[in-house]
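Just so it is clear, the values below take in all heavy atoms, side chains as well, and ignore hydrogens, waters and symmetry mates.
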2 protein chains.
Amino acid sequence: MEQPAPVSPAFIATDHNHDHCVSLALQTAEAICRERGQRLTTLRRKVLELVWANHRPVGAYGLLEMLRDESGQVAPATVYRALDFLQEQGLVHRLASLNAFIGCAFPGAAHTGQFLICTSCQELAELDDRQITEALRASADASGFTISHTTVEVLGLCPHCRKGRA
Amino acid sequence: MEQPAPVSPAFIATDHNHDHCVSLALQTAEAICRERGQRLTTLRRKVLELVWANHRPVGAYGLLEMLRDESGQVAPATVYRALDFLQEQGLVHRLASLNAFIGCAFPGAAHTGQFLICTSCQELAELDDRQITEALRASADASGFTISHTTVEVLGLCPHCRKGRA
DNA sequence: CTTGCTTTTGCAACAATATAACATAATACT
DNA sequence: AGTATTATGTTATATTGTTGCAAAAGCAAG
């Protein structure tokens with residue numbers, strides 16, 4: 001599959017139509033799972049929908065709360081298992097520095113996950129920057145190191161919040 | 001202060017003299033704290049020593065165990081506070097992807113913390129790679145994003161373990 | 001379509017990581 | 001020495017994530 005345009009571009013539309021990007025993400029997920037013979041069950045779909053609806057990094061226990069609001073009692077393991085599945089399918093990323101989850105902006109594409117995270121408004125941009133990827137690969141190569149997974153999470157201020165503080 | 005040689009180079013000496021690098025790290029830490037008018041107390045020094053003695057990422061509760069072996073009952077907060085101090089002074093890094101801590105290889109130098117972590121032997125190399133730093137800065141600039149902190153943690157196989165698996 | 005197999009979910013307990021709040025002790029300053 | 005500041009002790013609790021087993025749902029062969 002070729003690299004598609006990101007589902008959500010970097011720090012552009014703060015007040016865009018969330019419903020649209022949620023349903024687009026769900027459609028894409030359906031297609032990807034169908035193609036791979038994976039089962040996007042009601043629960044998994046629901047969790048993915050909640051992740052996208054928030055449109056910001058959400059903690060597992062946050063999702064748990066939201067699920068409970070809709071479905072009564074739900075146990076942590078339920079959420080974590082759904083998130084595990086979604087991560088395996090590359091539909092959701094875990095942000096190690098926040099212990100939180102976010103919908104993947106490049107579903108179906110091979111990429112490593114690079115994030116700019118605003119510490120003021122929690123808005124996040126996912127990148128797939130060739131320069132960064134290459135720099136990491138080159139540096140690993142130089143040490144004889146074989147990369148299996150990279151965590152790149154950059155904290156700071158997004159353009160909007162930067163202005164607000166100037 | 002100019003960038004000094006790293007205390008521990010990348011994946012070179014697997015069976016070097018740990019005692020030496022531990023004491024070197026402690027000496028350096030003493031000097032840095034003295035220079036800054038910060039207090040490297042017995043406890044903080046002990047925690048730093050344990051971090052270095054392990055020479056691999058160690059969890060806070062691992063350190064807690066070791067402290068208890070020497071000093072009887074110790075509470076989590078004690079360790080976390082010491083680690084907080086050591087991080088503030090740039091003597092220790094927290095690895096978000098592992099919930100673990102490691103002695104800083106470039107104490108006293110301004111740097112961002114970039115790590116290659118072997119998932120087989122847990123050996124770790126800290127980098128301060130200009131290419132990576134620049135790529136991150138450039139990408140952030142392009143999005144109008146102001147960086148305050150970066151997390152770069154690369155998991156994979158170190159040269160030794162890669163051979164072992166070939 | 002039903003029997004048997006696999007995958008998913010429910011459920012309960014628990015493990016691991018981290019913080020808060022307040023009291024006591026040590027250190028530094030004058 | 002007396003006072004202010006910083007560090008540590010202590011207890012409790014919050015947050016995040018996992019394990020193990022049983023029930024249910026989906027799937028596939030006959």
Side-chain angles (χ1 to χ4, degrees), chain A residues 29-30 33-34 36-51 54 56-89 91-102 122 151 153, chain B residues 29-30 33-51 54 56-68 70-89 91-102 122 151 153:
Chain A
E30 296 276 12
C33 289
R34 197 173 327 112
R36 297 179 184 166
Q38 294 292 330
R39 292 158 59 187
L40 188 62
T41 62
T42 311
L43 175 66
R44 291 164 174 175
R45 204 188 136 89
K46 185 75 219 172
V47 170
L48 182 59
E49 184 185 337
L50 289 172
V51 166
N54 276 275
R56 269 172 181 61
V58 221
Y61 279 74
L63 293 167
L64 191 55
E65 281 298 304
M66 298 174 221
L67 271 182
R68 281 174 174 163
D69 287 346
E70 307 193 13
S71 322
Q73 183 57 27
V74 180
T78 302
V79 174
Y80 280 104
R81 282 187 297 222
L83 288 169
D84 286 347
F85 171 84
L86 295 169
Q87 288 178 256
E88 279 161 19
Q89 300 307 317
L91 299 171
V92 154
H93 292 287
R94 177 167 192 278
L95 302 166
S97 61
L98 302 180
N99 294 334
F101 300 85
I102 188 81
Q122 277 66 253
T151 299
E153 300 173 16
Chain B
E30 296 278 10
C33 289
R34 196 173 327 113
E35 191 179 319
R36 295 180 187 164
Q38 294 293 329
R39 290 158 59 184
L40 187 61
T41 62
T42 310
L43 175 65
R44 290 165 174 175
R45 203 188 135 92
K46 185 75 218 173
V47 170
L48 182 60
E49 183 185 337
L50 288 171
V51 166
N54 276 274
R56 268 171 182 60
V58 222
Y61 279 75
L63 293 168
L64 191 55
E65 281 298 304
M66 298 175 222
L67 270 182
R68 282 174 173 163
E70 308 193 13
S71 323
Q73 184 58 28
V74 180
T78 303
V79 174
Y80 280 104
R81 281 188 295 221
L83 288 169
D84 285 348
F85 171 84
L86 295 169
Q87 288 179 101
E88 279 161 19
Q89 300 307 319
L91 298 171
V92 154
H93 292 287
R94 177 167 192 275
L95 302 165
S97 62
L98 302 180
N99 294 334
F101 300 84
I102 188 80
Q122 278 65 252
T151 299
E153 300 173 15

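In the set D:dG17, C:dT8, C:dA18, C:dT8 carries the atom at the smallest distance from any side-chain atom of A:Arg39. Checked against D:dT10, D:dG17, D:dC21, the side chain of A:Arg81 finds its nearest nucleotide in D:dC21. Set against D:dT10, C:dA18, D:dG17, the side chain of B:Thr78 has D:dT10 as its closest nucleotide. Here the side chain of B:Ala77 is nearest to one of D:dT16, C:dA20, C:dA12, namely C:dA20. For A:Arg44, the side-chain atoms get nearest to C:dT8 when compared with the rest of D:dA7, C:dT8, D:dT8.
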Item to complete: Any chance you could lay out the side-chain contact (heavy atoms from CB on, under 4.5 Å) test for A:Arg39 and A:Phe85, step after step, and finish with the verdict?
Response: CA-CA 9 Å; A:Arg39 292 158 59 187; A:Phe85 171 84; 5.7 Å; no
Item to complete: With side-chain contact (heavy atoms from CB on, under 4.5 Å) as the test, would you mind laying out the steps for A:Leu63 and A:Leu83 before giving the verdict?
Response: CA-CA 10 Å; A:Leu63 293 167; A:Leu83 288 169; 3.9 Å; yes
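One distance of note links CZ of B:Arg44 with OG1 of B:Thr78; it measures 11.5 Å at 0.5 Å rounding.
In this structure, CG of B:Leu48 is placed 17 Å from C1' of D:dA7, rounded to the nearest angstrom. To the nearest angstrom, P of D:dT19 lies 10 Å from CG of A:Asp84. Between the CD atom of A:Gln73 and the P atom of C:dA13 there is a distance of 12 Å, given to the nearest Å. Rounding to whole angstrom units, CG of residue A:Leu43 and P of D:dA24 are separated by 17 Å. Here C:dA28 presents its C1' atom at 14 Å from CD of B:Gln38, a figure rounded to the nearest Å.
Between B:Arg94 and A:Phe85, the residue anchored nearer the 5' end of DNA chain C, judged by the nucleotide with its closest heavy atom, is A:Phe85.
Using a 4.0 Å cut-off, some side-chain N or O of B:Tyr80 falls inside it from OP1 or OP2 of C:dA18. The shortest distance between the side-chain N/O atoms of A:Thr41 and the OP1/OP2 oxygens of D:dG26 is not below 4.0 Å. Within the structure, every side-chain polar atom (N or O) of B:Asn99 is placed at least 4.0 Å from both OP1 and OP2 of D:dT16.
If you check the side chains of B:Gln89 and B:Arg36, you find a donor sitting under 3.5 Å from an acceptor.
Side chain B:Tyr61 to base C:dA15: no donor-acceptor pair is found below 3.5 Å.
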